[in-house]
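Take a look at the structure below.
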Amino acid sequence: MRALVLGGGGLTGIGWEWGMIAGLVAAGIDLTAADLIVGTSAGSVVGAQLAAEADPQERYTFQLRPPDSELAARMRPLTTARWGWAILRSRDAGRTGRNLGRVALTTRTVPESVRREVIASRLPVKIWPERALLITAVDADSGERAVFDRNSGVELVDAVAASCAVPGVWPPVTIDGRRYIDGGVRSAANADLAADAGVVVILAPIVRGFGPITSVARQAAALRTRARVEVVQPDAAALRAIGHNVLDPSRRPGAARAGRAQAAAEAARIREAWSA
C-alpha cells in the first residue's frame, strides 16, 4: 500500500503542496494514485480535493488566482506567547491539546459560520470520496486526537474546518456537541497514521516539533523501520516565497510556484520510492 501524507502549513502550505503535486505529476510521478491519504490542517484541504480526484494542474492554477474568498490572518504576539506557554506547561500530547484547546475556546475570533464558508469555498467537492482519506483534528476539551473518515458520520467540510482551526486564530469547530481544533496541535503531519503502508511520501510544509508536538522527522524515522519513507519539505527558495506568515493569502501564489519549481529537484527520489 502506498500512502501520501500531507502536513499542515497554512495557506502557503496549501499552495506549496499543490505546486509540488502538480510538478511531480508533470514529471510522471502520480501521487494521486495513493491508496491512503492523510491530511492535517492545510493538508486536509489538499487531501480532500486530491482524494476526490481533483486535477492537480487545475488546482495548481487555482492557487495562482487572487485569494478573494480568503480571510487574512496572522499569529499575534499575544497568541504566540499563549501558544508557547501552553506547550511549555505540557508533558504529553494530550496536555498540549487541552492547553491549546483552552487558548482556542477563550479567544474571540470570526464566527464559526463565517469560517466554515471559507473552508467550503476551498472544496469543489463537498462529499467524502471513496478513496481512503483520514483527516486529523484535536478535541479542544480532552486534548485527544480525532481522526475523521467517510465512516465517521461527519460532513467533509466540518472535518476539514476542524483540522484547520488554528487555536487563537480561528474558532474551534463544533461537531456533535464537541469542539475541535487544528490537527497540527498534535503533529505537523500525523504521519503515524500511515503505519500500515509499505511506501510513504510525506509533503510537509512544516517539519519541526515543539515539546510534545512530534516532529515529522521523528515520525518518519519510526515509519522507516517497516516502510520506504520519503519526506519533502520546502527548500530555501520555497521558504523565501512562503515568508514569515503562513496565513497570508497574498503569499499563496508564490508558494505554489516555488513548490512546482522544487518538484523537479525532488522527482528522482520520489519516483524511485513511489514505483517501489
Side-chain angles (χ1 to χ4, degrees), residues 1-65 122-125 129 131-134 188-189 191 193-194 197-207 216-217 219-220 223-224 227-243 246 251-276:
M1 179 172 75
R2 296 182 299 182
L4 175 61
V5 177
L6 301 166
L11 284 170
T12 56
I14 294 173
W16 178 80
E17 287 180 358
W18 273 123
M20 282 295 312
I21 292 167
L24 290 173
V25 167
I29 306 160
D30 189 9
L31 296 184
T32 68
D35 302 295
L36 169 68
I37 297 174
V38 178
T40 294
S41 198
S44 73
V45 177
V46 177
Q49 297 175 25
L50 198 63
E53 302 184 355
D55 177 68
Q57 180 58 45
E58 187 279 330
R59 287 287 90 196
Y60 166 72
T61 301
F62 183 84
Q63 306 310 307
L64 308 181
R65 299 176 185 173
R122 297 177 184 169
L123 302 178
V125 177
R131 180 92 56 91
L133 169 66
L134 303 179
L193 293 174
V199 175
V200 183
V201 170
I202 304 172
L203 301 186
I206 296 173
V207 295
V216 172
Q219 290 191 332
L223 290 173
R224 287 192 179 104
R228 172 71 183 265
V229 181
E230 295 293 344
V231 179
V232 183
Q233 64 189 80
D235 61 11
L239 289 174
R240 288 193 296 271
I242 288 168
V246 301
R251 288 279 184 169
R252 188 179 69 185
R257 292 188 182 94
R260 176 136 190 160
Q262 184 183 348
E266 308 289 352
R269 68 184 178 101
I270 302 305
R271 180 182 293 107
E272 182 182 352
W274 205 242
S275 62

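The residues of the chain are indexed from 1 along the displayed sequence. Side chains are part of it too, since the values below use all heavy atoms of this structure and drop only hydrogens, waters and symmetry mates.
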Can you find a heavy atom in the side chain of V200 that is under 4.5 Å from one in the side chain of R228? no
All heavy atoms of G8 vs all of S41, minimum pair found to be CA-CB, 3.8 Å
Run the side-chain donor-acceptor check on residues 267-276: report pairs under 3.5 Å with partners two or more places apart or on a different chain.
residue : atom : partner : partner atom : Å
R269    : NE   : E266    : OE1          : 3.0
R269    : NH1  : E230    : OE1          : 2.7
R269    : NH1  : V231    : O            : 3.3
R269    : NH2  : V231    : O            : 2.7
R269    : NH2  : E266    : OE1          : 2.9
R271    : NH2  : A27     : O            : 2.7
W274    : NE1  : D30     : O            : 3.0
S275    : OG   : R271    : O            : 2.7
S275    : OG   : E272    : O            : 3.4

For R2, is there any backbone N or O sitting under 3.5 Å from a side-chain donor or acceptor partner on D35? yes
Show the nearest heavy-atom pair for residues A189 and I202, with the distance to one decimal. CB-CG2, 4.3 Å
Whether over 12 other heavy atoms sit under 6.0 Å from E58 CD: yes
Mind checking the OG1-CD spacing from T12 to Q63? Nearest 0.5 Å is all I need. 11.0 Å
Considering all heavy atoms of both residues, which atom of A194 and which atom of A3 are nearest to each other, and what is their separation? CB-CB, 3.8 Å
Hey, does I14 have a side-chain heavy atom less than 4.5 Å from the side chain of R122? yes
About how many Å separate OG of S44 and CG of L123, when rounded to the nearest 0.5 Å? 8.0 Å
Give me the atom names and distance for the closest heavy-atom approach of P56 to A22. O-CB, 3.8 Å
Heavy-atom pair of closest approach, residues R65 and P253: O-CG, 4.3 Å
Intermediate values then yes/no, side chain to side chain contact (heavy atoms under 4.5 Å, CB included), R251 and L11: CA-CA 8 Å; R251 288 279 184 169; L11 284 170; over 6 Å; no
Just by distance, do the side chain of Q262 and the backbone of V232 share a donor-acceptor pair under 3.5 Å? no
Closest non-hydrogen contact found for G259 with W16 is CA-CD1, 3.5 Å
Would you say the side chain of Q49 lies within less than 4.5 Å of the side chain of P124, judging by non-hydrogen atoms? yes
Do V246 and P205 come close enough that some side-chain heavy atom pair is under 4.5 Å? no
For the side chain of T61 and the backbone of Q57, is there at least one donor-acceptor N/O pair under 3.5 Å apart? yes
Look up atom CG in L4 and atom CG in L36, then write down how far apart they are to the nearest 0.5 Å. 8.5 Å
The reported gap from OG1 in T40 to CG in L6 (rounded to nearest 0.5 angstrom) is 8.5 Å
If we only count heavy atoms from C-beta on, is the W18 to R260 side-chain gap below 4.5 Å? no
For the residue pair R59 and F62, would you count it as a cation-pi contact if the rule is NZ or CZ under 6.0 angstrom from the ring centre and within 45 degrees of the ring axis? yes
Calculate, to the nearest 0.5 Å, the distance between atoms CD1 and CG belonging to I21 and L50 respectively. 5.0 Å
So, taking the atom named CG in D55 and the one named OG1 in T32, what distance separates them when rounded to the nearest 0.5 Å? 9.0 Å
